[in-house]
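Structure first, commentary second.
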Amino acid sequence: NMTLYEKYAESWDTKNIDMLAALCHPNFEMVMHSSGSVASKNEYLERLGPLIQKFTPEKRRCLYENEDVMIMHFIMPFSNGTKDAVLYYVQKEDGLMRKIETGSTPIK
């Protein structure tokens, strides 16, 4: 039985936005710490659809996961040569991603 992190990683590795969508709780929210804005499930998937096709996270790892939370870290390289270190805090509900809070730090 795969963990939520393993399913999330597989959806990115196979560039499968439908698989990623299935991991999102119906009441999903993503909080962007940089702007304070909150994206709904549809907004999150619309933003992520093009990214999942173009970019491959580097050094992605799960720092912690239990039935309530998942915390992961990865390096996201962009086409302009910059990279961000990204931390995801995921609140889980019914085994799905209910709320993601994220912060990123430019590192290159």
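Just so you know, these numbers come straight off a predicted model, no measurement behind them. Only heavy atoms go into these numbers, but all of them, side chains included; no hydrogens, no water, no symmetry mates.
Remark: R61 engages H73 in a side chain to side chain donor-acceptor pair (under 3.5 Å) (not counting sequence neighbours).
At a threshold of 4.0 Å, the pair K83-E58 counts as salt-bridged, since one of the basic side-chain nitrogens sits closer than that to a carboxylate oxygen.
The minimum heavy-atom distance linking C62 with M70 is given by the pair SG-CG, 4.3 Å. Between P77 and P57, the shortest heavy-atom distance links the atoms CD-CA, 4.5 Å. Heavy atoms only, all atoms of each residue included: K99 and E101 are closest at CE-OE2, 4.0 Å. A pairwise comparison of heavy atoms in S11 and L20 identifies OG-CD1, 3.3 Å as the closest pair. The heavy-atom pair separating N16 from I52 by the smallest distance is N-CD1, 4.2 Å. Here the closest heavy-atom approach between residue T102 and residue M30 is recorded as CG2-CE, 3.3 Å.
Note on L45: it clusters hydrophobically with L51, by side-chain heavy-atom contacts below 4.5 Å among ILVMFWY residues. Note on Y5 and I17: same hydrophobic cluster, where clusters join Ile, Leu, Val, Met, Phe, Trp and Tyr whose side-chain heavy atoms are under 4.5 Å apart, directly or indirectly.
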Practice problem: Applying side chain to side chain contact (heavy atoms under 4.5 Å, CB included), run through T105 and D84 and close with a yes or a no. | Solution: CA-CA 5 Å; T105 304; D84 281 12; over 6 Å; no
Quiz item: For R60 and D13, what are the C-alpha separation, side-chain angles and deciding distance, and is it a salt bridge (Lys or Arg N to Asp or Glu O under 4.0 Å)?
Solution: CA-CA 11 Å; R60 183 186 56 224; D13 293 346; 3.0 Å; yes
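With hydrogens and angles left out, the side-chain atoms of N80 and T82 include a donor and acceptor closer than 3.5 Å.
Applying the ring-ring contact (aromatic ring centres under 6.0 Å, His included) rule to pairs touching residues 38-57 yields F28-Y44, F55-F78, sequence neighbours excluded.
Between the OG atom in S40 and the CD atom in E46 there is a gap of 7.5 Å [rounded to 0.5 Å]. With rounding to the nearest 0.5 angstrom, the SG atom of C24 is 9.5 Å from the CG atom of N42.
Side chains of M32 and R47 form a contact here, defined as non-hydrogen atoms less than 4.5 Å apart. At least one side-chain heavy atom of I107 sits under 4.5 Å from a side-chain heavy atom of I75. Residues M97 and Y8 have side chains in contact (heavy-atom distance under 4.5 Å, counting atoms from C-beta outward).
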Quiz: residues 85-95 side-chain donor-acceptor pairs under 3.5 angstrom, not counting sequence neighbours:
residue: K92; atom: NZ; partner: E65; partner atom: OE2; Å: 2.8
residue: K92; atom: NZ; partner: N66; partner atom: O; Å: 2.7
residue: E93; atom: OE2; partner: H25; partner atom: NE2; Å: 3.2

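Under a 3.5 Å cut-off, the side chain of Q53 and the backbone N or O of P50 do not form any donor-acceptor pair.
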